[in-house]
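First up is the structure itself, then whatever we jot down about it.
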Amino acid sequence: MENETVEAEKKLVPAEELTKRMFNFFRGYYLGGARRDRDSFYALTPEELKENPLCLCGLYVNLIMDGELDRAWKILDKFDKESLARIGMEVSYPGITVKRLLEIVSYMKSIGVQVPTIQVTAGRPTVLNGVLDYTRLGPFLVRRKDDFLDGMKLMYDSAIASAMYKLCLSEWLYQQNKLMDAGLLVSKTIKEFDNDQQRRLLFVALYLQTKILLASGKATNVPCYIKNIRRFAKTEGGLEFSRNIDAAEAYAFLYEGNHAAIAGWMGSDAPDEMTDFCMLDLYRYMIKIRCYIVLGKHMAVQALAEKLRPLLEEGRREMDLCELELLLAICFFRSDEKELAFRSLNSVLRTARRRGYYRLVADEGAALLPLLVEYIWVKGETPFLMRLAEDTRDMAAWYPLYLKPARKNDVEFSKMELGVLKFLEQGKTNEEIADCFFISVNTVKFHMKNIYRKLDVSSPTQAVWEARLMRII
């Protein structure tokens, strides 16, 4: 153990070297590099931080990623309010208000300074809900287009400001369920971002395209898109991309009902919330919660949700909170805690209606539909609820296996029962099956009763469906 400690200390980066790395921290080092040097920043003494004030930026970034927002804010207070270092850090503060964000953009514009290195996505597969939750600005995308473009020119290369606007707008159109319009826009941005300087934005655009395909019922094309994204990530070599791509692939597996692949991701690539917790893994945590639901680990769902909730509330991440509450509602409903399920769903619907998060709700498809239908029966129909029900029903029809609970394949079937199942799959009647086996119809019914009991079903169609899922036939 002592040797391991000594070895770890040898790997710590001196304050002087950290200062050099942070000198250009707004650029490529800001998130990825600072995270790699996390231990070194935390090991700095107050004296070293005083002598190397730029190291405070690296410490600040890591505190944000670790969810230590109070400590991070205290570091902001050490800088002058109009210093570029303070501005660069404050823009990435999760709890920043829209008013303060607009003040910063206005100030940067007035002094003619561009900060094109603020990584809005931070490796996540979205822009509007990237390192900050900008979905609250969605309605302004059309009404205040020029102001939005001005902000993009300050935060990114002015040459791609228009493409950034299109990407943000396509994400917002997707949430509004305007899939065709969103698809046309995102296709244009993919061409514009396909260069070495804009790989992060290309990743976002490609991911959004896969979501649009899923929402359009074209899941068969998704594996090809995931493969293309993975090829891009391999070329780029960014760990932040590959981890999220693994999670995106697991997300696709959830729609397919591929329990083996889901278990594989959980066992090897899923983030461990009990060890090195990081807010940059938020997207992956959300996928993991869904996997917990599939595996029937409802206590694990609630534990991870309650770990994320205070951080999301403090960071004003409204869309993530809405998604988290939605997954909890599904979890509660499956645990037969309907009062809690209705309470969570009611909270989701209030936010979704106010913010326009239609796809956020509808994308839960088959997992949400039974709860949503029962909610409507109890609460009554409204145009908003019926629109959500229609979109959710479409997803449920396209992907009936989404978040379907994993079944244990430890049920044994006799040779006769397997034969009956195979003939059921071919659509044969009880009389036809009896003739094939030279047995009576009553004997066929006896075997059918055993099959129903073992598969926990009540009809031939359900029996064939479940047997296929379990790969029995």
Side-chain angles (χ1 to χ4, degrees), residues 91-106 118-122 124-156 160-189 193 200-201 203-205 207-212 214-216 282-283 286 312-313 315-326 347-364 383-384 387-388 391-392:
V91 166
S92 62
Y93 185 75
I96 189 172
T97 63
V98 174
K99 180 182 178 181
R100 178 56 183 157
L101 179 64
L102 295 177
E103 287 176 354
I104 289 175
V105 170
S106 177
I118 297 170
Q119 300 176 355
V120 172
T121 66
R124 289 181 186 153
T126 56
V127 171
L128 288 182
N129 198 30
V131 68
L132 295 178
D133 189 348
Y134 290 105
T135 52
R136 50 195 157 158
L137 298 179
F140 295 99
L141 285 168
V142 176
R143 287 184 291 179
R144 299 184 63 174
K145 177 180 177 180
D146 292 339
D147 291 337
F148 199 92
L149 282 170
D150 286 343
M152 289 297 100
K153 289 175 184 177
L154 293 170
M155 296 183 184
Y156 286 86
I160 66 160
S162 177
M164 273 295 302
Y165 173 78
K166 291 175 190 173
L167 182 56
C168 292
L169 183 58
S170 62
E171 284 191 356
W172 185 246
L173 289 171
Y174 174 79
Q175 279 302 323
Q176 299 292 305
N177 203 35
K178 298 177 181 178
L179 301 181
M180 185 174 293
D181 293 337
L184 289 172
L185 275 178
V186 78
S187 296
K188 294 177 182 178
T189 63
F193 293 141
R200 179 173 284 102
L201 300 175
F203 169 46
V204 174
Y207 176 78
L208 178 58
Q209 195 167 52
T210 64
K211 292 279 287 184
I212 293 171
L214 275 171
S216 303
L282 183 57
Y283 170 72
M286 291 297 191
L312 299 179
E313 289 175 345
R316 301 173 187 266
R317 298 195 65 86
E318 195 168 35
M319 188 174 189
D320 290 319
L321 280 166
C322 192
E323 181 179 358
L324 188 68
E325 207 66 51
L326 187 59
S347 172
V348 169
L349 295 175
R350 282 199 306 269
T351 304
R353 183 173 185 175
R354 187 175 75 254
R355 295 299 189 191
Y357 299 153
Y358 293 97
R359 284 300 336 165
L360 182 71
V361 177
D363 284 347
E364 297 307 314
F384 170 70
R387 174 182 170 181
L388 277 184
D391 296 336
T392 306

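Residues take their numbers from the sequence shown, with the count starting at 1. For clarity, every value in this text was computed on a predicted model and none was experimentally measured.
- Atom CD of Q209 and atom OG1 of T189 lie 8.5 Å apart (nearest 0.5 Å).
- Annotation: the span from M164 atom CE to L149 atom CG amounts to 10.5 Å, rounded to 0.5 Å.
- In this structure, the separation between SG on C168 and CG on L185 is 11.0 Å, given to the nearest 0.5 Å.
- I212 approaches L179 most closely through the heavy-atom pair CG2-O, 4.0 Å.
- Considering every non-hydrogen atom in both P125 and Y207, the closest pair reads O-CD2, 3.1 Å.
- Using a cutoff of 4.0 Å between basic side-chain nitrogens and carboxylate oxygens, K178 and D181 are not scored as salt-bridged.
- A distance of 12.5 Å separates CD in Q176 from OH in Y174, rounded to the nearest 0.5 Å.
- Considering only heavy atoms from C-beta on, Y165 comes within 4.5 Å of L141 through its side chain.
- The shortest heavy-atom contact between P139 and T135 is CD-O, 4.2 Å.
- Side-chain atoms of R317 come within 3.5 Å of backbone atoms of N129 as a donor-acceptor pair (strictly under, hydrogens ignored).
- Counting heavy atoms from C-beta on, the side chains of W172 and V142 never come closer than 4.5 Å.
- To the nearest 0.5 Å, the span separating CG on L282 from CE on M286 amounts to 5.0 Å.
- Counting heavy atoms from C-beta on, the side chains of M319 and L360 come closer than 4.5 Å.
- Identified under the salt bridge (charged side-chain N to carboxylate O under 4.0 Å, His left out) test for residues 164-176, with sequence neighbours left out: K166-E192.
- Counting only distance, with no hydrogens or angles, the side chain of R316 and the backbone of G95 share a donor-acceptor pair below 3.5 Å.
- When side chains are defined from C-beta on, V348 counts as touching V361, because their heavy atoms get closer than 4.5 Å.
- A donor-acceptor contact shorter than 3.5 Å is absent between the side chain of E364 and the backbone of T392.
- With contacts defined as side-chain heavy-atom distances shorter than 4.5 Å, the pair I104/I96 qualifies.
- Taking 4.0 Å as the cut-off between side-chain N and carboxylate O, E318 and R355 count as a salt-bridged pair.
- Nearest heavy atom pair, residue R124 against residue G130, reads NH1-O, 2.6 Å.
- Proximity of L388 to L349: side-chain heavy atoms (C-beta onward) are separated by under 4.5 Å at one or more points.
- Separating the SG atom in C322 from the CG atom in L312 is a distance of 11.5 Å, to the nearest 0.5 Å.
- Proximity of a side-chain donor or acceptor of S170 to a complementary backbone N or O of L167 within less than 3.5 Å is detected.
- F140 is not listed as a side-chain neighbour of F148, based on a closest heavy-atom distance of 4.5 Å or more.
- When every heavy atom of A205 is checked against every heavy atom of F193, the shortest pair comes out as CB-CD1, 4.4 Å.
- Counting heavy atoms from C-beta on, the side chains of R387 and N177 come closer than 4.5 Å.
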Test log, rule side chain to side chain contact (heavy atoms under 4.5 Å, CB included), inputs K211 and D363
CA-CA 9 Å; K211 292 279 287 184; D363 284 347; 3.5 Å; yes
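- When the shell of 6.0 Å around CZ of R136 is examined, it contains more than 12 heavy atoms from other residues, nucleotides or ligands.
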